[in-house]
Amino acid sequence: MKKWIIPAVIAVVLIIVLANSVYTVKENQYACRVQFSKIVETTDKAGLHFKIPFVDSVKYFTKATTLYDIPPSEVLTSDKQNMTVDCYILWRISDPLKFYQTLGSMPVAEERLNALTYNELKTVMGTLAQADIINMEDGAKRNEIYDGIAADVDALAATYGIQVVDVKIKQFDLPDSNLTAVYRRMISERNQIAEMHSAQGNQQATMIRNEVHRDVNIRLSNAQAEAAELEAQGEAEYMRLLAEAYNSADKQDFYEFTLALDALKQSLTGDEKTIILDADSDLAKILMGAG
């Protein structure tokens with residue numbers, strides 16, 4: 001019985017030693033082999049690796065990009081206005097050796113990133129007026145500011161073995177004491193823009209109306225002149241035809257007689273049928289049967 005105990009113990013020890021001599025690394029991991037609190041090897045190759053049993057330990061860090069939602073914080077603008085900034089940061093470990101030596105863990109890294117980002121936000125926003133941050137202009141200008149913040153934070157985080165992929169500002173909030181003033185300023189700006197467009201529209205409408213009125217007056221004046229010319233031509237033609245038709249004394253007497261008959265006809269249209277004529281007039285003589 002005793003002969004089996006020693007081999008069994010040896011086998012168990014060998015299994016334990018062997019189990020503590022290997023470690024595995026996944027595709028999305030960095031592995032740091034630590035010996036007496038000092039990193040002696042780092043690797044990101046997936047698979048089975050060896051270590052000194054009971055002496056070496058292994059620290060694992062993720063290779064994936066991590067999102068850290070930074071708690072909202074207050075910053076002061078160049079015109080001494082408080083604003084609350086709510087943002088997040090995308091980051092990943094680029095140098096596991098440096099990361100372990102300077103920070104050692106993910107929570108500590110997030111605390112450091114929080115401080116770096118806040119200081120950078122405070123510095124950049126301190127150079128901008130509140131009106132430059134809150135406006136209705138193209139967002140490309142603000143994106144340039146955010147990209148600059150991300151680049152600066154990335155440069156600072158590189159000393160910790162961290163790569164900052166992006167810094168995004170989710171929201172700018174105003175303290176309640178500033179909300180009313182900002183809203184009034186924005187309303188005033190929008191009213192000024194509306195008044196400017198309205199004035200431009202009224203000016204253009206006036207110009208169009210004046211141009212139409214001028215065109216109408218010119219056309220009307222030309223039409224009246226043309227009508228007067230045509231009327232004068234018609235009168236001249238009428239007089240020419242009339243003179244041509246009554247070019248003798250008998251014709252002229254007949255024309256005058258017809259005019260007298262027309263005048264008499266017009267005078268007898270009412271209820272009153274009494275007329276007064278000169279006894280020497282041809283019309284009186286004809287009516288009296290003495291013509």
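We're numbering straight along the sequence, starting at 1.
- Using a 4.5 Å heavy-atom threshold, the side chains of Met106 and Ile93 count as touching.
- Atom CG of Asn114 is separated from atom CG of Asp69 by 10.0 Å, given to the nearest 0.5 angstrom.
- Side-chain atoms of Ser198 never come within 3.5 Å of backbone atoms of Ala194 as a donor-acceptor pair (strictly under, hydrogens ignored).
- Following chains of ILVMFWY side-chain contacts shorter than 4.5 Å, one can reach Val165 starting from Leu67, so the two form part of one hydrophobic cluster.
- When the salt bridge (charged side-chain N to carboxylate O under 4.0 Å, His left out) test is applied to Asp147, no partner is found at least two apart in sequence or on another chain.
- Residues Ile208 and His213 fail the side-chain proximity criterion, which asks for heavy atoms closer than 4.5 Å.
- To the nearest 0.5 angstrom, Arg190 atom CZ is 12.5 Å from Glu195 atom CD.
- By the neighbour-count criterion of 12 heavy atoms within 6.0 Å, atom CD of Gln233 is densely surrounded, having more than that number from other residues, nucleotides or ligands.
- The salt bridge (Lys or Arg N to Asp or Glu O under 4.0 Å) pairs that include a residue from residues 105-128 number zero, where partners must be two or more places apart or lie in different chains.
- For residues 81-99, every residue pair satisfying the salt bridge (Lys or Arg N to Asp or Glu O under 4.0 Å) rule, not counting sequence neighbours, is listed here: Asp86-Lys170.
- The distance from the CG atom of Asn217 to the CG atom of Asn210 is 10.5 Å, given to the nearest 0.5 Å.
- Looking only at side-chain heavy atoms (C-beta outward), Ser188 and Asn191 stay at 4.5 Å or farther from each other.
- Leu90 is not connected to Val167 by any chain of hydrophobic side-chain contacts under 4.5 Å among Ile, Leu, Val, Met, Phe, Trp and Tyr, and they are in different clusters.
- Residue pairs meeting the side chain to side chain donor-acceptor pair (under 3.5 Å) criterion with at least one partner in residues 218-228, sequence neighbours excluded, are Asp215-Arg219.
- You'll find the side chain of Ile70 reaches within 4.5 Å of the side chain of Cys87, heavy atoms only.
- In the hydrophobic clustering of this structure, Val108 groups with Val153; members are Ile, Leu, Val, Met, Phe, Trp, Tyr whose side-chain heavy atoms approach within less than 4.5 Å, directly or through other members.
- The two atoms that bring Thr127 and Ser78 nearest to each other are C-CB, 4.0 Å, heavy atoms only.
- Residue pairs meeting the ring-ring contact (aromatic ring centres under 6.0 Å, His included) criterion with at least one member in residues 65-106, sequence neighbours excluded, are Phe61-Phe99.
- At most 12 heavy atoms of other shown residues, nucleotides or ligands fall within 6.0 angstrom of atom CD in Glu211.
- Using a 4.5 Å cut-off on side-chain heavy atoms (C-beta onward), Asp166 and Tyr146 make no contact.
- Atom CD1 of Ile162 and atom CG of Leu103 lie 5.0 Å apart (nearest 0.5 Å).
- Atom CE of Met207 is surrounded by 12 or fewer heavy atoms from other residues, nucleotides or ligands within 6.0 Å.
- Ser94 OG to Gln163 CD: the interatomic distance, rounded to the nearest 0.5 Å, is 6.0 Å.
- Although no hydrogens or angles enter the test, the distance criterion places a donor-acceptor pair under 3.5 Å between the side chain of Gln29 and the main chain of Lys26.
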- Run the numbers on Glu74 and Leu121 for side chain to side chain contact (heavy atoms under 4.5 Å, CB included), then give the verdict. CA-CA 10 Å; Glu74 287 193 0; Leu121 282 171; over 6 Å; no
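- Applying the ring pair (Phe, Tyr, Trp, His ring centres under 6.0 Å) rule to Tyr118 yields no partners; only residues at least two apart in sequence or on another chain are considered.
- Rounded to the nearest 0.5 Å, atoms OG1 (Thr65) and CD1 (Ile89) are 11.5 Å apart.
- For the residue pair Thr62 and Ala64, the shortest heavy atom distance occurs at OG1-N, 3.1 Å.
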- Task: Might you work through the side chain to side chain contact (heavy atoms under 4.5 Å, CB included) test for Val164 and Leu116, ending with a clear yes or no?
- Result: CA-CA 11 Å; Val164 174; Leu116 292 177; over 6 Å; no
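- Within a 6.0 Å radius of CD in Glu27, no more than 12 heavy atoms belonging to other residues, nucleotides or ligands are found.
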